[in-house]
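Read the structure below first, then the notes.
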Amino acid sequence: MTKIIAKTMLVVMLLMTASCNEEFLEREATNSIPEENIFKDPALTQLFVNNMYLDVPGFDHDLYDNITDESRCYWGAAPRNVVQGQWFPDNNPMEYWAYGPVRKTNMFLARIDESDLDEDLKTNFKGQVKFLRAMLYFNMIKRYGGVPVITEPQDLEDDLFVPRQTSDESFAFVVKELEEAIELLPEAHGSRAVDVGKANKHSAKALLGRVLVFWASPLYNPGADASRWQKAAQINKEVMDGGNYSLHPNFRNIMLDKNNEEEVFSVQYQKPFREHGWDSWGQPDSQSKQDAVRRSPVQEFVDAFEMKNGKAINEAGSGYDPKNPYLNRDPRFDATVLYNGATFFGATIYMYEGAPIDGINLPYATITGYLIRKGMNESNKDYYGGSGSDQNWIELRYAEVLLNYAEARNESLGTPDASVYGAVEAVRQRAGLNPFTLPTGLTKAQMRDRIYQERYIELSFENKRYWDLRRWKKAAEILNGRQFNAMYITKNANGTYSYNPKPVDGIPYVFQDKMYFMPIPQREIEKNPNLKQNNGW
């Protein structure tokens with residue numbers, strides 16, 4: 001995948017220098033490569049496909065984690081506006097109207113047969129581009145519901161006023177696109193380092209499994225069509241049975257051990273070609289090199305972690321000690337959350353009230369008494385602002401496949417069977433819970449709650465929670481009107497600590513029913529009279 005990144009950067013540099021080189025492509029381009037030349041040169045064809053992977057979203061700066069019950073952002077701005085309900089058709093921080101990238105995929109698929117590539121490579125590329133086009137459309141559908149489905153590269157003389165398809169029609173297109181991609185794609189591209197960054201048959205099937213889970217969920221399945229859950233379970237089970245992926249033994253290192261056995265599809269980074277700022281964004285001010293303190297986990301998220309013995313903190317026999325609340329918790333807690341007195345990047349971090357530099361609510365400090373540890377590379381000394389880090393963004397990993405299967409299978413049955421238990425318990429076993437087993441005899445509703453809980457912890461800070469709450473139609477229940485808590489810690493004279501939860505900012509969350517479907521961007525409504533705005537906007 002390093003070669004892909006390097007070649008992609010090469011074609012970008014070629015595009016930038018085209019106007020300075022009179023011999024470049026026989027003077028036909030002044031600031032870009034003409035479409036016809038891309039398909040005449042096999043090398044350019046491959047580079048063009050590689051370049052499309054850059055359109056897949058990677059690390060999120062500070063938005064999606066801070067608009068759920070996971071964390072809040074010291075810096076406010078867009079996350080605060082969303083929490084307060086201050087987002088509109090002409091100002092939506094979560095907007096994603098991806099028809100520019102869609103046009104590239106449409107143009108490619110319309111013209112690839114002109115290429116001099118051999119047929120096997122053409123087939124491979126078609127599969128990859130269909131996978132990417134499906135992902136572009138899915139990321140729009142999960143926001144807006146039905147969208148215009150455009151599959152041909154449009155010119156000015158074409159009818160540009162394309163109406164929206166229904167939500168079901170739009171999902172059906174993405175499902176068909178991925179089913180076709182699965183048929184076209186190879187089993188593998190030669191090595192895991194390449195396979196995690198380029199779509200193959202198995203990663204396309206895993207993405208299809210996710211799409212089907214969304215389509216079966218209450219927001220998109222108001223008629224409660226059980227067959228959707230059945231198909232989602234089937235596809236995710238096929239990925240599980242394929243044997244191509246497994247759980248990485250070390251939860252802490254999933255993002256650090258690049259291209260590991262759990263990665264299904266990742267956005268690839270490699271210094272110096274492509275970098276991000278994850279290691280900087282999570283830092284306390286005492287270790288900051290700009291742009292730190294982007295995520296402060298809320299107390300409700302901290303309380304959601306069970307004890308190491310698998311019991312909730314308020315459950316009899318859990319062993320939870322409110323005077324020592326971070327002891328003997330689910331091992332994923334230490335791997336995910338930075339708390340008062342923990343060692344981080346070689347230093348002990350104190351976030352109690354009055355602590356120097358990093359004490360809660362000091363300038364540029366945590367606003368909840370916590371910061372994040374998940375995915376942070378504590379051996380990295382080169383982080384700075386938005387650069388210096390090159391962990392892969394794991395868009396889809398095997399733990400999600402297991403939880404997708406468990407959810408879909410549970411919803412398709414009257415009561416959960418052994419396979420549902422097995423999928424959830426595999427994730428809990430890897431986490432290090434002892435015992436990791438769930439109580440026997442759970443009802444369908446009880447197992448649903450367990451699966452929701454497991455996703456909350458396992459997939460935290462991976463840009464999953466906000467979309468889960470929406471598709472389950474739980475966002476209004478869990479978010480609206482709530483004031484989430486910080487933990488104010490006082491250091492006592494004898495060196496012990498006292499703990500007192502208080503609201504983070506005293507501002508209730510605003511999530512109205514109309515927000516389950518985001519507004520079509522206002523500028524698109526004004527340009528296209530056939531676009532119908534979502535209800536309430």
Side-chain angles (χ1 to χ4, degrees), residues 57-98 139 143 275-301 337-338 351 357-372 374-376 383-389 393 460-467 469-470 475 478-486 502-512 514-515 518-519 521-523 537:
F59 283 86
D60 173 52
H61 186 226
D62 65 6
L63 180 60
Y64 292 103
D65 301 327
N66 291 315
I67 58 175
T68 71
D69 50 355
E70 290 174 303
S71 62
R72 289 294 176 267
C73 181
Y74 165 82
W75 300 95
R80 183 172 297 166
N81 289 341
V82 174
V83 168
Q84 295 178 357
Q86 298 300 305
W87 51 286
F88 310 98
D90 60 352
N91 181 21
N92 177 10
M94 300 160 288
E95 179 184 305
Y96 187 87
W97 199 252
N139 283 333
R143 287 167 168 82
E275 305 176 30
H276 56 80
W278 189 255
D279 292 324
S280 186
W281 301 337
Q283 292 293 341
D285 189 42
S286 60
Q287 299 184 175
S288 170
K289 297 179 184 178
Q290 290 196 348
D291 209 19
V293 196
R294 288 286 166 184
R295 288 163 176 82
S296 296
V298 297
Q299 187 61 41
E300 287 77 3
F301 174 68
V337 177
L338 177 63
M351 293 178 281
I357 307 179
D358 297 321
I360 186 170
N361 283 341
L362 288 176
Y364 314 112
T366 175
I367 57 174
T368 66
Y370 305 100
L371 291 169
I372 71 161
K374 189 169 189 175
M376 304 279 284
Y383 62 87
Y384 187 89
S387 64
S389 301
W393 173 253
S460 61
F461 302 110
E462 297 182 31
N463 194 5
K464 302 295 186 293
R465 179 66 171 175
Y466 186 64
W467 306 109
L469 292 179
R470 295 173 67 89
I478 291 175
L479 302 177
N480 190 52
R482 293 280 301 280
Q483 293 187 38
F484 291 90
N485 285 316
K502 299 179 184 178
V504 175
D505 51 21
I507 300 172
Y509 200 114
V510 176
F511 192 99
Q512 302 166 328
K514 72 175 185 178
M515 295 175 177
M518 295 183 186
Q522 184 62 33
R523 67 181 184 280
W537 296 101

Exercise. So how far is it from Asp60 CG to Arg294 CZ, rounded to the nearest 0.5 Å?
Worked result: 10.5 Å
Seminar exercise, completed: Residues at least two apart in sequence or cross-chain that pass ring-ring contact (aromatic ring centres under 6.0 Å, His included) with Tyr466, listed by chain then number, are none
For this session: Report yes if some heavy atom in the side chain of Asp505 is under 4.5 Å from a heavy atom in the side chain of Gln483; otherwise report no.
Result: no
Exercise. So, Asp358 side chain and Asp285 main chain: donor-acceptor pair closer than 3.5 Å or not?
Worked result: yes
Problem set entry | Thr368 side-chain N/O to Pro297 backbone N/O, donor-acceptor pair under 3.5 Å | yes
Exercise. Do the non-hydrogen side-chain atoms of Tyr370 and Ser296 ever get within less than 4.5 Å of each other?
Worked result: no
Exercise. Is the backbone of Arg295 close enough, under 3.5 Å, to the side chain of Trp281 for a donor and an acceptor to pair up by distance?
Worked result: no
Seminar exercise, completed: Across all chains, not counting sequence neighbours, the ring-ring contact (aromatic ring centres under 6.0 Å, His included) partners of Phe59 are Tyr269, His276, Trp278, Trp393
Problem set entry | Test side chain to side chain contact (heavy atoms under 4.5 Å, CB included) applied to Tyr509 and Ile478, step by step | CA-CA 10 Å; Tyr509 200 114; Ile478 291 175; over 6 Å; no
Exercise. Which pair of non-hydrogen atoms, one from Thr366 and one from Val293, has the smallest distance, and what is that distance?
Worked result: N-CG1, 3.8 Å
Exercise. Can you check whether Asp65's main-chain N or O pairs, donor with acceptor, with Ser71's side chain at less than 3.5 Å?
Worked result: yes
Exercise. Quick one: does Lys374's side chain have a donor or acceptor within less than 3.5 Å of a partner on Ser460's backbone?
Worked result: yes
Problem set entry | Shortest non-hydrogen contact between Pro79 and Asp62, atoms and distance | CG-O, 3.4 Å
Problem set entry | Any residue meeting ring-ring contact (aromatic ring centres under 6.0 Å, His included) with Tyr96, in chain and number order, not counting sequence neighbours | none
For this session: Please answer whether the main-chain N or O of Tyr364 pairs with a side-chain N or O of Tyr74 as donor and acceptor at a distance below 3.5 Å.
Result: yes
For this session: Answer yes or no: is there a donor N or O on one side and an acceptor on the other, between the side chain of Ser286 and the main chain of Ile357, under 3.5 Å?
Result: no
Exercise. Just by distance, do the side chain of Gln299 and the backbone of Asn485 share a donor-acceptor pair under 3.5 Å?
Worked result: no
Exercise. Okay, side chain of Lys464, backbone of Glu462: is any donor-acceptor separation there less than 3.5 Å?
Worked result: yes
Exercise. Do you know the tightest heavy-atom contact between Asn463 and Trp467?
Worked result: OD1-NE1, 3.2 Å
For this session: Go through the steps for Phe301 and Phe461 under the test side chain to side chain contact (heavy atoms under 4.5 Å, CB included), then give the verdict.
Result: CA-CA 11 Å; Phe301 174 68; Phe461 302 110; 3.6 Å; yes
For this session: Starting from the C-alpha separation in whole Å, work towards a yes-or-no answer on side chain to side chain contact (heavy atoms under 4.5 Å, CB included) for Glu275 and Tyr383.
Result: CA-CA 10 Å; Glu275 305 176 30; Tyr383 62 87; over 6 Å; no
Problem set entry | Trace of the side chain to side chain contact (heavy atoms under 4.5 Å, CB included) decision for Leu371 with Gln283 | CA-CA 8 Å; Leu371 291 169; Gln283 292 293 341; over 6 Å; no
Seminar exercise, completed: dist Ile360:CD1 -> Ile367:CD1 (nearest 0.5 Å) comes out at 8.5 Å
Quiz: residues 84-93 side-chain donor-acceptor pairs under 3.5 angstrom, not counting sequence neighbours:
unit_1, atom_1, unit_2, atom_2, d
Asn92, OD1, Met94, N, 2.9

For this session: Find out whether His61 and Asp291 are in side-chain contact, i.e. whether some heavy atom of one side chain is under 4.5 Å from a heavy atom of the other.
Result: yes
Seminar exercise, completed: By ring-ring contact (aromatic ring centres under 6.0 Å, His included), Phe484 pairs with (sequence neighbours left out) none
Problem set entry | Pairwise salt bridge (charged side-chain N to carboxylate O under 4.0 Å, His left out) hits with a residue in residues 70-82, at least two apart | none
Exercise. Taking Asn66 for the side chain and Val83 for the main chain, is one N or O donor matched with an acceptor at less than 3.5 Å?
Worked result: no
For this session: Give the minimum heavy-atom separation between Glu95 and Arg523, together with the two atoms involved.
Result: OE2-NH2, 2.5 Å
For this session: State, to 0.1 Å, how close Ser280 and Lys289 come at their nearest heavy-atom pair, and which atoms those are.
Result: OG-O, 4.0 Å
